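Presented below is the structure to which this report refers.
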Amino acid sequence: MSVVFRSGKRTGFRKDGRCVKDTKEVGERGGAAYDDALDFDASKRPPFSIGEIRAAIPKHCWEKSPWRSLSYVAKDVLIVFALAAGAVYFDNWFVWPFYWFAQGTMFWALFVLGHDCGHGSFSDSKTLNTYIGLITHSVILVPFHGWRISHRTHHQNHGHVENDESWYPITESVYKTLPGMAKAGRLKFPSALFAYPFYLWKRSPGKSGSHFDPNCDLFAPNERMEIITSTTCWFAMLTFLVALTAVVGPLWVFKLYFVPYWVNVMWLDAVTYLHHHGYEKKVPWYRGKEWSYIRGGLSTIDRDYGWINKVHHDIGTHVVHHLFPQIPHYHLVEATAAVKPILGKYYREPTKSGPLPIHLLEPLIRSFQEDHFVADEGDIVFYQKDPSI
């Protein structure tokens, strides 16, 4: 086993990825139990199997109800239209900021439902999953099939330095070749929170292709027609927005759609980033023989968003989802409670949220400040900080 470690300017990291400054915070963050959790080496091979985790999950947690899933779609769509109608009715600058936050959050909730369709956890019907996925994603300008297939690649290779697809670490040699704009777009707060549309078009640094291109190496030849379909739906939505702009004017479309769209993008980037970054102790990333599906899945992180958990369909309950993406979102909390005794210290208990999840700003900003690249070599690596920043 090869483990690589380097200290940064402001914060040092031990070989196991523990942030040195955390040792000063242990008393404030929960005492001996918190210290014990930070001391645990999560990069060790787990003493349990994926089968043992699966066996701990109640059988009904695997059951998918298309009617229940459709009820979430109906509820979210009704809320979207009600929010838009309310904003149009009141039309004043005191109301608009509340509308933008609420509607952007609902756009993000629609994305999560389409996400379930992509995993097949929405229902057992591939046809239903496809239609609902195309609708919920196209209306927020996401090419459903292009995203679905790249996201499948992410799940199949989670935690792998080279083979992962989303928010994977950049190697030091690639990092050094990036122009300043690319570093800012991928690794700087808050600009990285607007990265998703650009990722859809160009993917991430070190990889080529597009989610809109049927010839991209992400896709198999028999998937090309699906990519053409979702790209066509994407352009159809864009055409509708252009036509709507011609009818009601650009300001209305900007206020009603495009501001919430970017709030949705910020939700998407922040939530997905925090699934894999920003824990008090750095999570391991793997290569070669050290990588396995279970170790990659265990490197993901659950997050608590308070009352917003139910609004965005428990997407923060992420460890079990990564290991078993077939489980519907409405069973994830129960499934997580069932497997926690098996996972033990491999499970990172999320910090409880207040009324709004502002507690997550600290790990988000800290991670962007400290997690810049990983070593070019080593089978188990941790993020390192660019000493020049």
Side-chain angles (χ1 to χ4, degrees), residues 4-14 17-22 24-25 29 38 42 104 108 154 158-159 161 164-200 202-207 262-285 299-305 308 315-316 318 348 350-351 353 356-376 381-389:
V4 177
F5 159 72
R6 179 180 299 167
S7 295
K9 245 182 190 180
R10 292 175 52 238
T11 306
F13 298 95
R14 298 190 336 195
R18 179 179 175 186
C19 179
V20 171
K21 73 176 183 180
D22 286 334
K24 300 176 183 178
E25 299 173 358
R29 299 294 299 276
L38 289 179
W108 161 234
H154 165 55
H158 48 207
V161 174
D164 203 342
E165 173 60 26
S166 96
W167 288 125
Y168 58 87
I170 299 171
T171 60
E172 185 173 8
S173 58
V174 171
Y175 178 83
K176 289 179 177 178
T177 66
L178 293 179
M181 286 295 292
K183 288 180 181 178
R186 176 67 159 72
L187 299 166
K188 300 284 188 180
F189 179 88
S191 56
L193 300 186
F194 299 92
Y196 187 68
F198 305 98
Y199 160 73
L200 290 176
K202 296 290 291 182
R203 295 177 75 190
S204 295
K207 298 191 177 183
W262 284 107
V263 172
N264 150 67
V265 168
M266 293 175 70
W267 267 117
L268 192 155
D269 280 325
V271 171
T272 55
Y273 183 86
L274 286 169
H275 285 159
H276 305 279
H277 302 77
Y279 191 63
E280 287 86 347
K281 178 180 178 179
K282 291 186 180 295
V283 298
W285 290 81
S299 70
T300 60
I301 305 166
D302 278 8
R303 300 291 186 180
D304 181 40
Y305 294 87
I308 297 177
I315 193 66
H318 208 64
R348 301 166 181 86
T351 301
S353 176
L356 290 173
I358 57 175
H359 69 290
L360 293 174
L361 282 174
E362 188 276 330
L364 180 68
I365 295 171
R366 169 168 47 82
S367 180
F368 278 120
Q369 290 174 340
E370 299 173 353
D371 299 340
H372 298 145
F373 56 81
V374 296
D376 292 306
V381 294
F382 299 89
Y383 265 107
Q384 301 170 17
K385 176 178 167 55
D386 180 351
S388 67
I389 297 179

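Reckoned from all heavy atoms, side chains included, excluding hydrogens, waters and symmetry mates. Computed from a predicted structure; not experimentally measured.
Rounding to the nearest 0.5 Å gives a distance of 11.5 Å between CG of L178 and CZ of F373. Atom CZ of F368 and atom OG of S191 lie 8.0 Å apart (nearest 0.5 Å).
Residues meeting the salt bridge (Lys or Arg N to Asp or Glu O under 4.0 Å) test with K207, sequence neighbours left out: E165. Under the rule for a side chain to side chain contact (heavy atoms under 4.5 Å, CB included), the partners of A270 that lie at least two apart in sequence or sit in another chain are L193, L364. Partners of H318 under the side chain to side chain contact (heavy atoms under 4.5 Å, CB included) rule, at least two apart in sequence or in another chain, are H275, H276, T300, D302, H321, H322. For Y168, there are no ring pair (Phe, Tyr, Trp, His ring centres under 6.0 Å) partners, not counting sequence neighbours. Applying the side chain to side chain donor-acceptor pair (under 3.5 Å) test to D269 and every residue at least two apart in sequence or in another chain returns nothing. In this structure, the side chain to side chain contact (heavy atoms under 4.5 Å, CB included) partners of V263, at least two apart in sequence or on a different chain, are W267.
Of all the heavy atoms in D376 and S173, the pair that sits closest is OD1-OG, 2.7 Å. Residues Y273 and S367 share a closest heavy-atom pair of OH-OG, 2.7 Å. Contact record, L274 with R303: O-NE, 3.0 Å, taken as the closest heavy-atom pair. Nearest approach of G159 to S299, heavy atoms of both residues: CA-OG, 4.1 Å. The two residues V174 and T177 make their nearest non-hydrogen contact at O-OG1, 2.7 Å. The shortest heavy-atom contact between Y383 and P169 is OH-CA, 3.1 Å.
When atom types are taken as modelled, the side chain of D386 and the backbone of H372 share no donor-acceptor pair closer than 3.5 angstrom.
Taking the six-membered ring where the residue is Trp, F194 and W262 present tilted rings, their angle falling between 30° and 60°.
The shortest side-chain heavy-atom distance between P363 and Y279 does not fall under the 4.5 Å cut-off. In this structure the side chain of W108 never reaches within 4.5 angstrom of the side chain of I308, judged on heavy atoms. Within the 4.5 Å cutoff, the side chain of V374 has no heavy atoms near those of the E172 side chain. Here the side chains of H359 and S353 are in contact, with some heavy-atom distance below 4.5 Å. Inter-residue side-chain proximity for T272 and Y196 is flagged as unmet; no heavy-atom pair is nearer than 4.5 Å.
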